[in-house]
A.B. asks: 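Have a look at this one before I ask anything.
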Protein chains: 2
Amino acid sequence: MKRITIKDLAQQAGVNPSTVSRALKDHPDISPALRDRVKQLAEQLHYRPNHMAVYLRQRTSRLVGLVIPEITMFFYPSLIKGVEQVLHNHGFSLVMLPSNESLDRETENIQICFDNDVAGLLIAFSRETNNTEHLALLEEAGAPIVMVDKVLENSGFDAVVLDDYSDARAAVTHLVATGCQRIAGVFGNPNMHITQLRLKGFTDVLKASQLPLDPEQLLFANDAAEAQECVQQLLRAPLPPDGLFAMSDEIITGALPALLDSGRKIPDDCAVVCMSDGLLPHFLRPQVTFLRHDGFALGQLAAERLCAMIKSGEHLQADYQGRQIVLEAQLIEQETTRPLNALALK
Amino acid sequence: MKRITIKDLAQQAGVNPSTVSRALKDHPDISPALRDRVKQLAEQLHYRPNHMAVYLRQRTSRLVGLVIPEITMFFYPSLIKGVEQVLHNHGFSLVMLPSNESLDRETENIQICFDNDVAGLLIAFSRETNNTEHLALLEEAGAPIVMVDKVLENSGFDAVVLDDYSDARAAVTHLVATGCQRIAGVFGNPNMHITQLRLKGFTDVLKASQLPLDPEQLLFANDAAEAQECVQQLLRAPLPPDGLFAMSDEIITGALPALLDSGRKIPDDCAVVCMSDGLLPHFLRPQVTFLRHDGFALGQLAAERLCAMIKSGEHLQADYQGRQIVLEAQLIEQETTRPLNALALK
DNA sequence: AACCGTTGCGCAATCGATTTCTGTTGATAA
DNA sequence: TTATCAACAGAAATCGATTGCGCAACGGTT
């Protein structure tokens, strides 16, 4: 019940608390003999410094806030895992703060970070968020901030992202290359920056390929269930698609069952490609060709960057410019797209 | 950059810091006039009390530790979400501490909780854990502890669990009722208590039904990929199963593709049933009959119980006995098992 | 012998909020 | 008019760890 404090150690050792403090952190002022004696005593009594007291004194904790739009089974588990691993290696603990896709809640989460004197913040914005005003509180408090995955442009903060535009291009290009003529796209919430980028990648490829860009073939869904409905609707159209692009794990998880339920053969009736963390496609049947967006690696990168900033304090300089780190993706081909030489057969 | 403290308010208001403190928390000694003036000032200057200082003084934080074996896309996202929702409603923040299925790491996580003076702990044990000695540190510090999902028996701590034994029975019984004769089971790590309970449920039903219990039809897998291999192996046997029980989301995620890849028809060649959070089966094809284990509700229950303990302090009594809360599950029938009247047809 | 630098450690302030103990008003009752 | 008691607010201690400053003791220098 009773917690051992530095005073207890001091009393036991017959020295001043300040001396104990210095001994424990190898201050040169303390003689090796006393230092060892104190350390041994601390060991014996299972002394553990009270973080709260240290935080209070040093005005910063060993906590890092992770604010994400929502806790889902898609993508974020990987990201969280990557983040946590790196943070732990650097001696930080993770405070999980989901925003439930609400700006208000996101703002509140920032305040919680402030209240707890977090050493830094990792944030993926909700779909309601379109500026970074609510980060000012923490920024002014001197905490480093790294945006990850769902970011905003021109915010001045560091960003660790995927190349959403190019990666979407690559995915759609693959679909085009296999001979699709009417390609539909199912996207996440149109408010999100990553949706806009992926959508632009999608449309740019279709334009460049001189393929039809039917607005009715562009659908938006907030979750897997909505994506399922979207695709069902898509398939009822007089001219259904022969190629489908799914923007994310969440989308493909809804889209694929809808395709299968309609009795279509993949890829013969409709080829499919998506962007994915890479876990799910391994277990979906048929296995989907996808552009691998490694959430784990993204989380690691973001956390490493944040830890570097915490250590260096570089963000405190008046003229500090946020750095942007882009993680490369990888195309993983599966049987849901026709073989590339299908083109030659046409 | 500068943080507003209670001293700043005191200076501005021309009173003593202690008076400000009292005014802000509606102490009867403070006149309404002054109270309102101070509150307004606090509002104006965006005063936020420093949690660390409060923690230090009051010896308890608004942080709750959540220790789970691993961050995966299966089950835990739901659980975390449920936990977080309830904690947030009660004004607590969640510190995420994955153990990576390691007892050492789990022990370390407990220490981190102790160091941060958490108000309470929610824990799902790693598969290496078979006693609760490492919780003593926190217990002695007076923190309430609630075990959730992956628990140990006779530990004296509160437990919020599913009825693993009965639920497994129900699932297997359903399989038997639809006429399966050779039922195989794929389970998680055999070290886990929940595996043992579900395994016992499984075998008890087979025994009671006088069905063969071939040890080669009992397989254990640590993740979805291993489950996939297990089932592949199972299907190569001279007498392959006509019914399959998958213990969890993770298992079914590997098992189902293996079945499909073998070209089998479900349920005609092999009926399938699993235990699941209920999210995934909605998107798997074919849709699997499952016993729904609601992770979200489980997380909510556990967090509610913990918050109640934090408030009441009931766990501090010398003779406190941990309470057990069992969440009921629900059988969700799908096309992966034959219709029940198949029995009559035989 | 007077001086100086170094070593080794204690004193006390500090972080921000809370709380106990006091003390000072002003009002009311005697 | 004085005793008494609210109402109100300040001083100071407290939580645990850290740190600037001071200082004693000792060895070496001139």
A.B. asks: To the nearest angstrom, how far is A:Asn116 atom CG from C:dG16 atom C1'?
C.D. replies: 15 Å

A.B. asks: Could you give the OH-to-C1' distance, from B:Tyr55 to D:dA17, as a whole number of Å?
C.D. replies: 18 Å

A.B. asks: Taking atom P of D:dG10 as reference, at what distance in whole Å does atom CD of B:Gln11 sit?
C.D. replies: 13 Å

A.B. asks: Would a distance-only check, ignoring hydrogens and angles, find a side-chain to backbone donor-acceptor pair under 3.5 Å from B:Thr132 to B:Ser155?
C.D. replies: no

A.B. asks: I'd like to know if B:Arg22 reaches the base of C:dT20 with its side chain, counting only an N/O donor and acceptor under 3.5 Å.
C.D. replies: yes

A.B. asks: Rounded to the nearest Å, what distance is computed from the CD1 atom of residue A:Ile6 to the P atom of nucleotide D:dA17?
C.D. replies: 5 Å

A.B. asks: Counting heavy atoms from C-beta on, name the nucleotide in D:dG16, D:dA9, C:dT19 closest to the side chain of B:Lys25.
C.D. replies: C:dT19

A.B. asks: What residues form a salt bridge (Lys or Arg N to Asp or Glu O under 4.0 Å) with A:Glu314, not counting sequence neighbours?
C.D. replies: A:Arg305, A:Arg323

A.B. asks: In terms of side-chain heavy atoms of A:Pro49, which of D:dA9, D:dA17, C:dA17 is nearest?
C.D. replies: D:dA17

A.B. asks: Using whole Å, what does the distance between atom C1' of nucleotide D:dA17 and atom CG of B:Asp117 come to?
C.D. replies: 13 Å

A.B. asks: Side chain of B:Val15 only, heavy atoms from C-beta on: which candidate in C:dG16, D:dA17, D:dG10 is closest?
C.D. replies: D:dG10

A.B. asks: Between the side-chain atoms of A:Asn16 and the base atoms of C:dC11, is any donor-acceptor pair under 3.5 Å?
C.D. replies: no

A.B. asks: Considering only heavy atoms and no angle criterion, is a donor-acceptor pair shorter than 3.5 Å present between the side chain of B:Arg48 and the base of C:dG16?
C.D. replies: no

A.B. asks: So, is A:Tyr47 close to the D:dA17 phosphate, meaning a side-chain N or O under 4.0 Å from OP1 or OP2?
C.D. replies: yes

A.B. asks: Indicate yes or no: does B:Asp117 engage A:Arg3 in a salt bridge with an N to O separation below 4.0 Å.
C.D. replies: yes

A.B. asks: Of A:Ala53 and B:Leu34, whose nearest nucleotide on DNA chain D comes first from the 5' end?
C.D. replies: B:Leu34

A.B. asks: Do A:Arg37 and C:dG8 share a donor-acceptor pair, side chain to base, under 3.5 Å?
C.D. replies: no

A.B. asks: Answer with base, sugar-phosphate or nothing: what part of the nucleic acid does A:Arg59 contact at a heavy-atom distance below 4.0 Å?
C.D. replies: sugar-phosphate

A.B. asks: Roughly, in whole Å, what's the span from NE2 in A:His27 to C1' in C:dT7?
C.D. replies: 11 Å

A.B. asks: Consider side-chain hydrogen bond (donor to acceptor under 3.5 Å, both in side chains). Of A:Lys311, A:Glu304, A:Arg62, which one does A:His90 pass it with?
C.D. replies: A:Glu304

A.B. asks: C:dT14, OP1 or OP2 - any side-chain N/O from A:Gln58 closer than 4.0 Å?
C.D. replies: no

A.B. asks: Kindly point out which of D:dC15, D:dA17, C:dC9 is positioned nearest to the side chain of A:Thr5?
C.D. replies: D:dA17

A.B. asks: Side chains of B:Val64 and B:Leu121: does their closest heavy-atom pair fall under 4.5 Å?
C.D. replies: no

A.B. asks: Quick one: B:Met52 CE to C:dA17 C1', roughly how many Å, whole number?
C.D. replies: 13 Å

A.B. asks: What nucleotide, of C:dG16, D:dA17, C:dC9, holds the atom closest to the side chain of A:Ser31?
C.D. replies: C:dC9

A.B. asks: Have a look at B:Ser18 and say if it touches a base, only the backbone sugar-phosphate, or nothing, with a 4.0 Å heavy-atom cut-off.
C.D. replies: base

A.B. asks: Using a heavy-atom cut-off of under 4.0 Å over every strand shown, decide if A:Asn50 touches base, sugar-phosphate, or nothing.
C.D. replies: sugar-phosphate

A.B. asks: Hey, mind stepping through B:Glu70 and A:Lys81 against side chain to side chain contact (heavy atoms under 4.5 Å, CB included) and telling me if it holds?
C.D. replies: CA-CA 8 Å; B:Glu70 196 160 11; A:Lys81 201 169 169 176; 2.9 Å; yes

A.B. asks: Respond yes when some side-chain nitrogen or oxygen of B:Lys7 is under 4.0 Å from OP1 or OP2 of C:dC15, and no when none is.
C.D. replies: yes

A.B. asks: Expressed as a whole number of angstroms, how long is the span from A:His51:NE2 to D:dG16:C1'?
C.D. replies: 12 Å

A.B. asks: Using a 4.0 Å heavy-atom cut-off, does A:Ile30 contact any base of the nucleic acid, only the sugar-phosphate backbone, or nothing at all?
C.D. replies: sugar-phosphate

